[in-house]
Amino acid sequence: MNPIQILSILLIIFLLAGIRIVYEYKRAPKFRFGKYIKTLQPGFRWIIPIVDTIQIVDIRVITINIVSQEVMTEDNVPCSIDGVLFFKINDPERAVLEVEEYKFAITQLAQAALRDVCGKVELDTILSKREEMGKNIKSIVEIETKEWGIAINDVKIKDIQLPENMRRMMANQAEAERSRRARIILALAEEQAAGKLLEAGKLIDQSPSAIKLRLYQTLSNIAAEKNSTILFPFPEEVLSRKPKETD
């Protein structure tokens, strides 16, 4: 093999070694001898082997789990809280140059913010206002990440683990509350029924025939079971009453 063929093969290898494909959802900051040059856009790209290097950055929305954190609430209740954080890189250059391992940095910020926010409120607030807690955590994290060219889309609190004794106490409280509501509803029903019975009694008292019809209906309901005997110790006519005189 003559020198020209060797040089041709080496040139081809050199050219092929510099080929890079950047996907649409990624960007590639380019460095030459360690100095930032520019950010490569999606498509077919070529760099100088050995001299140039690139670092791929994903610009899609990225999800990071906030691992369970032990938190002591303002009312001294220990609980374990975890969540999830969504962020997107708006400036690949700053995300690479301004912070080392931006995913790890965001995770640590989110964990610290979660402990800080949840530790300043009572347990009832955390349980009933998860959306508000997530917004507060987001506002704290995005203050730092804004300088890194990273936008925090949202923060959600996923799960809240409480001690077993606290769960029992909350269950007892909920049961007592349901019992209280049931008693109130029953009392209101009795009050309404008493009012209706009073109105019905006044209406029936105005007519002897209505009293008899009511008596017959009551006897019919008793006889429907066919397990009792009804005795009349005196004639039924004795039960009739004179209607009230009207002025």
Side-chain angles (χ1 to χ4, degrees), residues 18-74 78-123 125-161:
I19 295 176
R20 297 291 186 273
I21 302 297
V22 181
Y23 291 99
E24 183 66 31
Y25 54 86
K26 293 183 178 181
R27 298 294 183 269
K30 178 180 176 182
F31 299 87
R32 178 166 296 168
F33 294 115
K35 183 179 180 180
Y36 173 77
I37 302 299
K38 64 178 181 178
T39 298
L40 301 181
Q41 299 300 312
F44 180 88
R45 297 290 179 264
W46 187 83
I47 64 173
I48 303 174
I50 302 175
V51 175
D52 294 342
T53 57
I54 62 173
Q55 185 169 341
I56 302 296
V57 177
D58 197 323
I59 61 171
R60 294 176 293 182
V61 174
I62 301 174
T63 304
I64 291 181
N65 285 325
I66 305 175
V67 297
S68 182
Q69 300 294 306
E70 295 291 335
V71 179
M72 182 67 71
T73 62
E74 190 178 36
C79 57
S80 299
I81 305 175
D82 61 7
V84 59
L85 182 144
F86 304 89
F87 72 92
K88 184 177 182 180
I89 297 177
N90 293 331
D91 191 337
E93 174 189 348
R94 293 165 65 186
V96 172
L97 299 179
E98 298 294 333
V99 60
E100 179 185 8
E101 296 292 337
Y102 56 85
K103 289 185 179 180
F104 177 75
I106 293 175
T107 301
Q108 296 302 308
L109 277 174
Q111 293 176 6
L114 187 148
R115 291 193 297 268
D116 183 48
V117 170
C118 295
K120 294 180 179 179
V121 296
E122 297 182 353
L123 178 62
T125 303
I126 298 176
L127 294 175
S128 60
K129 298 182 179 180
R130 294 191 180 192
E131 191 71 24
E132 182 178 342
M133 295 296 101
K135 290 180 180 179
N136 293 338
I137 296 172
K138 173 187 173 184
S139 63
I140 294 175
V141 176
E142 66 184 359
I143 292 176
E144 299 291 338
T145 58
K146 187 177 181 180
E147 301 296 327
W148 306 339
I150 298 174
I152 305 299
N153 292 357
D154 201 2
V155 177
K156 298 290 185 182
I157 293 179
K158 293 196 302 183
D159 191 21
I160 301 174
Q161 295 291 338

When you measure from the side chain of [X] to the backbone of [Y], do you find a donor-acceptor pair of N or O atoms at a distance under 3.5 Å?
| X | Y | value |
| --- | --- | --- |
| Glu98 | Val96 | no |
| Asn65 | Val84 | no |
| Arg27 | Gln55 | no |

Partners passing salt bridge (charged side-chain N to carboxylate O under 4.0 Å, His left out) against Lys30 (at least two apart in sequence or in another chain): Asp52
Pairs meeting criterion side chain to side chain donor-acceptor pair (under 3.5 Å) with involvement of residues 145-155, two or more places apart: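 Qualifying pairs: Asp154-Lys156.
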If you round to the nearest 0.5 Å, how far is [atom2] of [Y] from [atom1] of [X]?
| X | Y | atom1 | atom2 | value |
| --- | --- | --- | --- | --- |
| Ile66 | Ile81 | CD1 | CD1 | 10.5 Å |
| Ile152 | Leu85 | CD1 | CG | 4.5 Å |
| Leu127 | Cys79 | CG | SG | 8.0 Å |

Taking every non-hydrogen atom, the tightest pair across Ile126 and Cys118: CD1-O, 3.6 Å
Contact summary for Gln41 and Val22, nearest pair of heavy atoms: O-CB, 3.6 Å
Side-chain heavy atoms of Leu97 within contact of Phe31, under 4.5 Å: yes
Flag side-chain contact, heavy atom, 4.5 Å: Lys38 against Leu40: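 Lys38 reaches Leu40 side chain to side chain.
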Pair Glu70-Ser80, side chain to side chain donor-acceptor pair (under 3.5 Å): steps then yes or no: CA-CA 5 Å; Glu70 295 291 335; Ser80 299; 2.7 Å; yes
Which residues share a ring pair (Phe, Tyr, Trp, His ring centres under 6.0 Å) with Tyr23, sequence neighbours left out: Tyr25
